[in-house]
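Some notes on the structure that comes next.
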Amino acid sequence: PALHLTPAQRDTLYTAAIAAGRAVNYVGAGTVEFVVAPDGEIYFIEMNTRLQVEHPVTEAITGLDLVEWQLRVAAGETLPLDQSAIVLRGHAIEVRVYAEDPAQDFRPSVGRVAHAKFPRPSANIRVDTGIATGDSISPWYDAMVAKLIVHTDNRHKALQVMAHALRETELAGVNSNLVYLRRIIEHPDYAAGGFTTHFAEEQKANLLPTPGTPPDRVLLLAVAAVMLTRTRDAGAAPWARADAFRLNHTRRETLSFRHGEATLALPLEHHRSGPRVCLPDGRLVPLQATHAPDGTLMLQTGEQQIQARVVQRGEWLEIFDEGERWVLGIIDPLQQTNEEEAATGSLLAPMPGAITALLVAVGDVVERGQALLVLEAMKIEHTITAPFAGTVSELYFLKGQQVMQEGTELVRLAPLEPAAP
């Protein structure tokens, strides 16, 4: 397919769209959808009797307010312009920011938004959103958080501006498709054009966030965040000072973080001049950190300066750095885990929703991986499976009941007793 529609193709689209509206005596705003085949032929898909979510793209390149036009037509007024007076200028791109997890088949993510930051609107960047820090993403509505729209002279510039806008957007507390969107915008095949509707599936491995080991700068940011939190919490208490004073000794400790299934241990040396972190490759790196007025973390590691956003939610750190989002858990070495309690198999709801199927009963013996129940949320079914072989000891919901909060206990399993020797 060509990178741009030809004038003849545009004329075909305009003529067909107008003909579709006239054929049904349609009055009001509407959207007609078409698809362009590889040979350039155009095919009708459907008509929606409303403005669609992409209408800001048309508004950007025409300079018109389609929502205003919609209201005027509804009030009985005529359109202020005819087709011949509408001029297209430049190139516009829109992305939809969703609270969802691309790595989990785009499963909606609900919960409280611990931090939300969007790029500053300008002549080239438009932000449509109603979400701010402290708001909640519920299961009752569509999971779209915002729309980012950019408009410049040409597509090449628009892609650059959109990549910048996505890097400036931060969403903590819930998962989002921000990294996925940025990887599409920055993908060379997407930039080159000529892609098809199969692009996302064909490039899936390159677009989905990978669970690789965080880079050194992210590890240093995690350590710095913990150290700054300690200093803040210490206040003026002399026994809680974090300056590492100890006569004739260098104080050492290890900070450990959880990333997915991996545990990352970083030895630390405390000196009068500040802490030094031993990275996985054995390098001992000094670091000095502070928070900028806008809340970003400013980190100095020798000659390198790093600036990134770190949001702490209890034992979890969400680090936004160079367009990526890393989630690390802080491991408290003093926290004792009750292994016996953990083994009882408390299964929690991944999000609010309705129980649409109960597949087991109390007393049933189940195998590891066996389906126990189905929870439906945002029109998506989530099957809850057994993490180990055991006996169903409790079912806390009936079919048809509503689970109101994420983290609610749904099922309790008792592990099978080991066979007698």
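Throughout, numbering of the chain's residues begins at 1 and tracks the sequence.
- Of all heavy-atom pairs spanning Gly134 and Arg112, the tightest one is CA-NH2, 3.8 Å.
- Ion pair Glu318/Arg309 not flagged as a salt bridge, since none of the NZ, NE, NH1 or NH2 atoms sits closer than 4.0 Å to an Asp/Glu carboxylate oxygen.
- With rounding to the nearest 0.5 angstrom, the CG atom of Leu266 is 8.0 Å from the CG atom of Leu220.
- Residues Arg258 and Ile331 approach most closely at NH2-CG1, 3.8 Å, considering heavy atoms.
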Does the side-chain contact (heavy atoms from CB on, under 4.5 Å) test come out yes or no for Leu398 and Ile355, once each step is laid out?
CA-CA 7 Å; Leu398 300 175; Ile355 303 298; over 6 Å; no

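- Although no hydrogens or angles enter the test, the distance criterion places a donor-acceptor pair under 3.5 Å between the side chain of His187 and the main chain of Asp189.
- Taking every heavy atom of both residues into account, Asn48 and Gln52 meet most closely at ND2-OE1, 3.0 Å.
- Dense packing is recorded around CD of Glu68, with more than 12 heavy atoms of other residues, nucleotides or ligands lying under 6.0 Å away.
- The two residues Pro119 and Ile125 come nearest to each other via the heavy atoms CG-CG2, 4.2 Å.
- The aromatic ring centres of Tyr98 and Phe106 sit 6.0 Å or more apart.
- Counting only residues at least two apart or on different chains, the side-chain hydrogen bond (donor to acceptor under 3.5 Å, both in side chains) pairs with a member in residues 278-287 are Asp216-Arg283, Asp281-Arg283.
- Pro275 and His270 get closest at one heavy-atom pair: CB-ND1, 4.2 Å.
- Defined by atom type and a distance below 3.5 Å, a donor-acceptor pair is missing between the side-chain atoms of Asn177 and Arg96.
- If you check the side chains of Ser122 and Asn124, you find no donor sitting under 3.5 Å from an acceptor.
- Under the 3.5 Å distance criterion, the side-chain polar atoms of Asp101 are matched with a main-chain donor or acceptor of Ala103.
- Classified by interplanar angle (parallel below 30°, tilted 30° to 60°, perpendicular above 60°), the ring pair Tyr190/Phe199 is tilted.
- The minimum heavy-atom distance linking Pro214 with Trp326 is given by the pair CA-CZ3, 3.6 Å.
- By the 4.0 Å N-to-carboxylate-O rule, Glu59 lies too far from Lys147 to be salt-bridged with it.
- Here the side chain of Arg167 pairs a donor or acceptor atom with the backbone of Glu322 at under 3.5 angstrom.
- With salt bridges taken as basic N to acidic carboxylate O contacts below 4.0 Å, one links Glu77 and Arg72.
- The CG atom of Leu166 sits 12.5 Å away from the CZ atom of Arg183 when rounded to the nearest 0.5 Å.
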Just do the side-chain contact (heavy atoms from CB on, under 4.5 Å) check on Val360 and Val411 with the steps written out, would you?
CA-CA 10 Å; Val360 294; Val411 186; 5.5 Å; no

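- Counting only distance, with no hydrogens or angles, the side chain of Gln402 and the backbone of Gly353 share a donor-acceptor pair below 3.5 Å.
- From His55, atom NE2 reaches atom CG of Asp128 across 6.5 Å, with rounding to the nearest 0.5 Å.
- Leu299 pairs in a side chain to side chain contact (heavy atoms under 4.5 Å, CB included) with only one of the listed residues (Thr290, Leu287, Val310), which is Leu287.
- Checked against Thr58 for a side chain to side chain contact (heavy atoms under 4.5 Å, CB included), the options Leu66, Leu51, Leu88 give a single hit: Leu66.
- A salt bridge links Arg182 to Glu324: one of the charged nitrogens lies within less than 4.0 Å of a carboxylate oxygen.
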